[in-house]
Number of protein chains: 2
Amino acid sequence: MGKTPSAPTLNDVAKAAGVSTATVSRCLNSPDRVIETTRQRVMQAVESLGYTPNFAARVMAAKRSFTIGAIIPTMDNAIFARGLQAFQDQLREDGYTLLVSSSAYSPEVEKEQIRALVARGADGLLLIGHEREEQIYQYLEKHRVPVLVAWSYAPERLQPSVGFSNKGAMRDLAHTVVDAGHRHIAMISGILQGNDRAQNRVSGVRDAMRSRGLDPAALTLIEAPYEIEKGASAFAELMSRAPRPTVVMCGNDVLAAGALREARSRGIAVPDDVSITGFDDIELAEIVSPALTTVHVPHREMGRKAAQELIAIVEGRSEGQSVCISTTLVTRQSLARPSGR
Amino acid sequence: MGKTPSAPTLNDVAKAAGVSTATVSRCLNSPDRVIETTRQRVMQAVESLGYTPNFAARVMAAKRSFTIGAIIPTMDNAIFARGLQAFQDQLREDGYTLLVSSSAYSPEVEKEQIRALVARGADGLLLIGHEREEQIYQYLEKHRVPVLVAWSYAPERLQPSVGFSNKGAMRDLAHTVVDAGHRHIAMISGILQGNDRAQNRVSGVRDAMRSRGLDPAALTLIEAPYEIEKGASAFAELMSRAPRPTVVMCGNDVLAAGALREARSRGIAVPDDVSITGFDDIELAEIVSPALTTVHVPHREMGRKAAQELIAIVEGRSEGQSVCISTTLVTRQSLARPSGR
DNA sequence: TTGTATGCGTTATCAA
DNA sequence: TTGATAACGCATACAA
């Protein structure tokens, strides 16, 4: 005897309110389809029992979860944090819940997590960059889960994207660098394998060199994971090469911060001895000293737009419109003319 | 006519392999309970159909999801990123999936997300800090979802915690500060309301003052959200007060970085004119200049331990053991003796 | 070792 | 406006 202390179900509520489960369900989902008085009775029962709908059951019955999944390469630094926060904020406004996983830049893990999110009934997915096995896209199509790609703008691809031109942005920055007089350019790029954003940033630098009459093959390139430490060690290696570059362009602000730290610890003056540039304009860029000349990416705007577009697709209001977010150059102290020698 | 291009179910696989759904289910969940030859046939069907189990259905039938939910106050900076990454890594090793939400430091949002995660069948929850409505804990108990609290160690509470002593760590740091000769101490704390970590850090400072014969009421205190900007403006305000503090202890490294930035822009030399300290020892702490004297929190260790403990609880191997992670002082350049006047 | 049958908690269709 | 009832896809107790 005594009450069962386990989670109440629709049935329990129905019994308590003296109505059918269908009515309770309607009260919760389309309150206007039920008469005021019974609704009050039902809501009271819901309240007093502390009822929460079972999501699994709801998803199974409705084939709709109001859940969006996002898989980002890493949570370990701020690169994706800001944009994702905005993405979530917008989703919330529209009544969706965001579920996030991080793949640690591993295609295997990403694949696994895509399956996990799909299996959980995600109505749509946000992925970073286009480059992944074709099979994954087929899988998503079969499961009828729409995808939106962010942090990259590539309207020619099948999957719609909300992002910016990594190549164009880096090209503009590189033009500025070359026009400042730099001839020995080095770059610390993120790992290129499987990362179209990183690849395009390198292409951007090469484009700029070419268009200014420099040999793009002369670009000294080191790949490094997006970590402070790796940026530092890559910078150390670059400084030991001859001829020593007069500018080190980094694939993002995190790498640049690492480079800056290494420069300081080696007594190399920035920008007097060597210039350093970043990408992203996360808060870090303004805090380091000297502050970074970098590419400002309006992450929040991108996140919100991505959410709006993805929801529109999920709700059948859009076929998948790609949106290009424009970036801007931010000039701070880490870039200067090369010291005349 | 023609195949249905929608997602295959257990039934489809069973048909294709010429067995019952029960057998397919067994192949997937307890492969040893089915004979080799049929298993191969089944797995082949699974493969060729591209079958993925429907999670909602599985959760409903098995009442188990191998999913752990975590709700953190923010993804907007690195405070939680590192520990959470480690948490996820450990979960993955043990076959669990992590679902993350951020509450933006709002109790309302957190409550909503707890319900969302529970409704989704999370087997266990990781929450930050103990302080929340009692009703939430009752709700979780009713739904039989175990909770582990992290980023805080409070063995006297009902819910087990894996964390560190915010008060003790800050007390140690404050002792160092006082012993360096500082008498006019100011603190930029995180918002205290609903945040036991922040509250304990303030208590730690006051404890230290008291034990060194200073009046704890003399502590100049400003609360600010954990953002660079807010740290900067709080610092600006502190510098305009008389007597001007000789040291500003910050609730975390993010606030400290903001303070540092403001100091630089005002031409206030750190640590010559004023000392600044942080908390957390995220990467930021080592990158700013001067580097921050701060409290090192072994976030990765905490994350892994939390995962292990939570899984043990979920699997019934533990009743809920609280674990205390020890922090250490990191002495860098941002703290020095006050300049004699 | 395998198959049959039932239940999990909702939503939605169809009648009343 | 409300109530029965049939899915939804899977796991599992039980039977064969």
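The structure presented is a predicted model; accordingly, all values stated were derived computationally and were not measured. We name chains A, B, ... by the order of the sequence lines, and we start the count at 1 in each one.
Between the CD atom in Gln159(A) and the CD1 atom in Ile136(A) there is a gap of 10.5 Å [rounded to 0.5 Å]. The OG atom of Ser322(A) sits 7.5 Å away from atom CG of Leu148(A), with the distance rounded to the nearest 0.5 Å.
A 6.0 Å sphere centred on CZ of Arg33(A) holds no more than 12 heavy atoms belonging to other residues, nucleotides or ligands. Remark: Gln44(B) CD is loosely packed, at most 12 non-hydrogen atoms of other residues, nucleotides or ligands lying under 6.0 Å away. Within 6.0 Å of CD on Glu319(A) lie no more than 12 heavy atoms contributed by other residues, nucleotides or ligands.
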Using the rule given for side-chain contact (heavy atoms from CB on, under 4.5 Å), can you reason through Ser25(A) versus Leu10(A), listing the C-alpha separation, both sets of side-chain angles and the distance that settles it, and then say yes or no? CA-CA 7 Å; Ser25(A) 176; Leu10(A) 244 206; 4.1 Å; yes
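Formation of a donor-acceptor pair under 3.5 Å by the Ser161(A) side chain with backbone atoms of Gly163(A) is not found in this model. Looking at Glu110(A), its side chain never comes within 3.5 Å of a backbone N or O of Ile71(A) through a donor-acceptor pair. In this structure, the side chain of Glu301(B) does not engage the main chain of Ile325(B) through any donor-acceptor pair within 3.5 Å.
Contact annotation: the side chain of Ile114(B) approaches that of Leu127(B) to within less than 4.5 Å [non-hydrogen atoms, C-beta and beyond].
Where the helix from dT1(C)-dA16(D) to dA16(C)-dT1(D) starts and where it ends, the local axes point in directions that differ by 30°; five pairs per end, rounded to 10°.
The nucleotide range of DNA chain C contacted by chain A, defined by atoms under 4.0 angstrom from heavy atoms of the protein and reported 5' to 3', is dG9(C) to dA12(C).
A cation-pi geometry, defined here as NZ or CZ lying under 6.0 Å from the six-membered ring centre and within 45° of its normal, does not hold between Arg304(B) and Phe87(B).
Sorted by first and then second residue, the pairs that involve residues 81-92 of chain B and meet salt bridge (Lys or Arg N to Asp or Glu O under 4.0 Å), not counting sequence neighbours, are Glu112(A)-Arg92(B).
For the ring pair (Phe, Tyr, Trp, His ring centres under 6.0 Å) test, residues two or more places apart in sequence or in another chain that qualify with Tyr96(B) are Phe66(B).
In the region residues 46-64 of chain A, proximity to DNA chain C at under 4.0 angstrom, judged on heavy atoms, holds for Tyr51(A), Thr52(A), Pro53(A), Asn54(A), Ala57(A), Arg58(A), Met60(A), Ala61(A), Ala62(A).
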Are there any protein N/O atoms within less than 3.5 Å of an N/O atom in nucleotides 1-3 of chain D, and if so, which ones and at what distance?
unit_1 : atom_1 : unit_2   : atom_2 : d
dT2(D) : OP1    : Thr38(A) : OG1    : 3.0
dT2(D) : OP2    : Ile35(A) : N      : 3.0
dT2(D) : OP2    : Thr38(A) : OG1    : 3.3
dG3(D) : OP2    : Ser20(A) : N      : 3.1
dG3(D) : OP2    : Ser20(A) : OG     : 3.2
dG3(D) : OP2    : Thr23(A) : OG1    : 2.4
dG3(D) : N7     : Arg26(A) : NH2    : 2.9
dG3(D) : O6     : Arg26(A) : NH1    : 3.4

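Within the 4.0 angstrom heavy-atom criterion, base atoms lie near Ser25(B). Contacts of Leu10(A) with the nucleic acid, taken as non-hydrogen atoms under 4.0 Å apart, include base atoms.
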